[in-house]
Amino acid sequence: MAYPFQKRSADDLTTEILWAPPRTQTRLGTLPLRRRKTAPALRRPLEPIEPRLLLSADHLVSIAAIQDGMSGTVADDDGIIDALTYLMEHDENFAPLVPGLRYTSPVDGVLNPMVHELFAMNVDIDNDGVVPDRTAEISAVNFSANVNIVPGSANEASEIYDALTTFFLGPQNAAALMDMDGDGQVSFGEAADILVTAPIVDFLQEFPSEYFDGANNVPTTMEQLFHGYVSVTTSSTGFISFLNNLSEPFGVSGYIDVDFSGTSHVGHPSNDFAFSTNMNLDFANNWLLDLGYHAEKLEISAPLESLFSQSSYAPFPDVLVSADFDMSFQVSATTSASSFVFLPTADLGFSVSAAQDLTGTTVHVGFLGMEAQSGSEFVLELPISAALIDPSSPEHLGFTDGSFAAGGDGEISSSSGTLTAEEELTDFNLLYDVMFDIIIGAGTGSGAPDPFAITLDADDYADQSGLDTALQAELDAELPGSGLVDVGFSSGELTLTLAPSDSAPLGFATQNQFSASGTLQAANALDFTSDISVDTYLILVYDGGTVARVHINASGASANANAGLAELERRAAFLADVNSALVSAGLGDVSATLDLAGHLSLATGSEPLEITRTLTLAADYQITAGELVDAADNSFAKLFDVDINPANDDFSITLALDSKPGLNVDGGSLDNLEIVVAGDMVQSDGSGGYDLFADFVKVTDFAGVDRLDLEAQTAITALDDPGEEGKFLNFAVLGPAEVINMVSQLAALPTGCPQPTCWADSTFPMSTR
């Protein structure tokens, strides 16, 4: 790969730094000019920051909230990027070794990279084992007045971003600067901190707080912050345009790709700093081809794929692997550092892919060097998705049907009065408080029922056995009337059930009825021609704000011989009992009447009224700054629900091998050997879930290094037949002249090419391991 801004060739990437004037950088015309600072003097450190004042004292943008919410504070890892980094480094689905790939040399005794390492940029880009010294790199860029990188400081990421956009750095130099923890990789978190959070914070810090309108200096508005403005003397690009055009600096282009799209202002047009966007953060790295330990045992390898010649670094076949991360989200931050709210609008997408043509690759089979023909390729597809779960979400109580996940409607409802969780809570213990609303009734408009805010304190119980008691106590305290909603368990699943009620004995045909005008009339008439007695409960919602469970214990009896007078007496007594029950329940504004036919009516006069058995559990899906801090203190793991797609995974290495040109074989040919390694990376674990790489076996090879065996996946056409194996493992199948010729050429190698690294470029059909 050529790097046009370097003074020397791409072979020397260790010290190259070229300075470019600030704010004039382009990538040889390939990318549009990106606005940076309005003037060097406006550079501000990122800690601690007061909220930016916009429009008036009531309308603020908290820059500190954006920085801390996205990347976390310096002292603590408690931002969204920290959470995502934790996910990839700790979730089991990102931990397996990746088949077909290997490091140049073992790392911590392991040869194959893990899945999460693909979501990173290797500092040793050219795989020569030499990387720039980061301290020297920092010293080299810090001479600029625009750059002052101080390792470990709060504004380190922002200063690195300034260096990347001020200097035309070679990719290895850029990677060394970005490797803040010095582990040899630019991790996902480091890349996101430097290339996403830092430029966003810079933009907000540097956006003018006022401008000259021709007569006076006037405050900029929230509208101008998002959409930009042109004044008599100045102009500024708006946040929407800035973010949609944000991309990676030149130095890491081709290895890391940053892209935003669809940015929009979703808050109040005049007041709220809230935006929605789609972000892609992608990585690309070359890895060595690894056919697996099984192939090695059969003496099949690509150059340097064997571990028996670690001292020699000959050219090797490599595989370009892309790792893509996609996230659609909303962010708001106003008034204070604690006001950050993060809302993912869809599941987070992780995918790994490769489709590398291996035609022309040299493959050693026994003593023989063979050449891969057309159709030889490396294919890798690994789709992973993760739902980001609100730490206070009812999902933590087992309500996991997707209603409280990204894109869900934020509520589940039951017209029969019982809500049942989808997931059992066996051996369950909350790490965070769970917050949700309970809504009783289904009225609309002004009659829409008010929600009751419920908080289940994680500290209120020791384990699952106390969860129902703690939740019941909270419901009884917050709802109008003890026992209005009952907590229980059904086969280990949490249930919330409205207290029993039945309006049928009063003549109502259904258990859910609503009147916006305040009059509910029973469909069925009551019979007062004889003594009558009703003992039942109603759940009534009055004007949306009052909920009461009314005990109707009403009767009408008469000993009057006159049938008409007896009926009237029964009606009056019955109505008196019903109205008395309404008053006792606190619903004195609701009155009961009977028409001539005996239909009972409940009326308020004009306020909405509802008979209900509708129970709704509702919760906003969002993650606040406080919840991020709590999650970091407990474990970010509870924030995510990771899923892998068993239908779209793919892994295969296909090598269609022919002997090298000019090789003759007595009595036949060594062409048309086919090596195929193809495995199912995602398999059912038998319980409805899926295991990643479940059928790949890890073994320790001859050098004591962990390898993936891949024996079960390897099909080798000729070597699987013992009668054919000898063709590749002894010289007898070659004609004497060919053997003498090859040996004589090999004998001349130490003189003509004394370094072992030269041998892999030869066309000799023999392995030089």
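Nothing here was measured: the structure is a model prediction, and the numbers come from that model.
In this structure, CG in N93 is found 6.0 Å from CD1 in I384, a value given to the nearest 0.5 Å. In this structure, the separation between CE on M681 and CG on D695 is 10.0 Å, given to the nearest 0.5 Å. Remark: S261 OG to L243 CG distance equals 9.5 Å, nearest 0.5 Å. For the atom pair OG (S328) and CG (L348), the distance works out to 9.0 Å, reported to the nearest 0.5 Å. For the atom pair CE (M114) and CE (M88), the distance works out to 12.5 Å, reported to the nearest 0.5 Å. Rounding to the nearest 0.5 Å places CD1 of I389 at 9.0 Å from CZ of F640.
Between the side chains of N244 and T263, at least one donor N or O lies within less than 3.5 Å of an accepting N or O. Side chains of Q185 and N122: a donor on one and an acceptor on the other come within 3.5 Å.
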Verdict with supporting geometry, I80 and L388, side-chain contact (heavy atoms from CB on, under 4.5 Å): CA-CA 10 Å; I80 285 295; L388 184 55; 4.3 Å; yes
L281 vs I256, side-chain contact (heavy atoms from CB on, under 4.5 Å): CA-CA, chis, key distance, verdict: CA-CA 7 Å; L281 180 57; I256 301 177; 3.8 Å; yes
Check the pair L655, L291 against side-chain contact (heavy atoms from CB on, under 4.5 Å), reporting the backbone distance first and the verdict last. CA-CA 10 Å; L655 291 169; L291 301 181; 4.0 Å; yes
The test is side-chain contact (heavy atoms from CB on, under 4.5 Å); show your working for N278 and F329 and say whether it passes. CA-CA 6 Å; N278 306 309; F329 62 92; over 6 Å; no
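When side chains are defined from C-beta on, V642 counts as touching L87, because their heavy atoms get closer than 4.5 Å. Side-chain contact between D318 and W287: absent, with no pair of heavy atoms (C-beta onward) separated by less than 4.5 Å. Using a 4.5 Å heavy-atom cutoff, the side chains of T165 and P199 are not in contact. Considering only heavy atoms from C-beta on, L111 stays 4.5 Å or farther from D706 through its side chain. Looking at heavy atoms from C-beta onward, V676 lies out of side-chain contact with S652 at the 4.5 angstrom threshold. F283 places none of its side-chain heavy atoms less than 4.5 Å from the side chain of S322. M178 has its side chain within reach of L164: a pair of non-hydrogen atoms, C-beta onward, lies under 4.5 Å apart. E117 is listed as a side-chain neighbour of Y103, based on a closest heavy-atom distance under 4.5 Å.
When ring centroids are compared, F350 and F94 come within the 6.0 Å threshold. Between F188 and F325, the ring center distance clears the sub-6.0 Å criterion. Annotation: F696 is in aromatic contact with F651 [ring centroid separation under 6.0 Å].
Of the possible donor and acceptor atoms, none in the side chain of E296 sits under 3.5 Å from a partner among the backbone N and O of D290. With hydrogens and angles ignored, the 3.5 Å screen pairs no side-chain donor or acceptor of T700 with any backbone N or O of V705. With hydrogens and angles ignored, the 3.5 Å screen pairs no side-chain donor or acceptor of D259 with any backbone N or O of N280. N112 contributes a side-chain N or O that, together with a main-chain N or O of L101, makes up a donor-acceptor pair within less than 3.5 Å. Between the Q713 side chain and the V677 main chain, no donor and acceptor come within less than 3.5 Å of each other. Between the side chain of D179 and the main chain of D183, a donor-acceptor pair closer than 3.5 Å is present. Proximity of a side-chain donor or acceptor of D709 to a complementary backbone N or O of Y293 within less than 3.5 Å is not detected. Under a 3.5 Å cut-off, the side chain of Q172 and the backbone N or O of V130 do form a donor-acceptor pair. No donor-acceptor pair under 3.5 Å is formed between the side chain of D691 and the backbone N or O of A694. One N or O on the side chain of D701 and one on the backbone of G704 form a donor-acceptor pair closer than 3.5 Å.
Remark: E156 pairs with R134 by the salt bridge (Lys or Arg N to Asp or Glu O under 4.0 Å) rule, at least two apart or across chains. D357 is linked by a side chain to side chain donor-acceptor pair (under 3.5 Å) to T359, counting only residues two or more places apart in sequence or in another chain.
In terms of heavy atoms, L358 sits closest to T654 at CD1-O, 4.4 Å. Closest of all the heavy-atom pairs between L118 and N285 is O-ND2, 4.3 Å. Nearest approach of E92 to P96, heavy atoms of both residues: O-CD, 3.0 Å. Residues V252 and A174 share a closest heavy-atom pair of CG1-CB, 3.8 Å. The two residues S71 and T197 make their nearest non-hydrogen contact at OG-OG1, 2.7 Å. In plain terms, the two heavy atoms of S187 and A120 that are nearest each other are CA-CB, 4.1 Å.
The environment of K698 atom NZ is sparse: at most 12 non-hydrogen atoms of other residues, nucleotides or ligands sit within 6.0 angstrom.
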Which donor-acceptor pairs under 3.5 Å do the side chains of residues 365-383 make with protein atoms, sequence neighbours left out?
{"residue": "Q373", "atom": "NE2", "partner": "E371", "partner atom": "O", "Å": "2.8"}
{"residue": "S376", "atom": "OG", "partner": "Q373", "partner atom": "O", "Å": "2.8"}
{"residue": "S376", "atom": "OG", "partner": "A656", "partner atom": "N", "Å": "3.0"}

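When each of D685, I644, D649 is paired with L692, the side chain to side chain contact (heavy atoms under 4.5 Å, CB included) condition holds for I644 and for no other.
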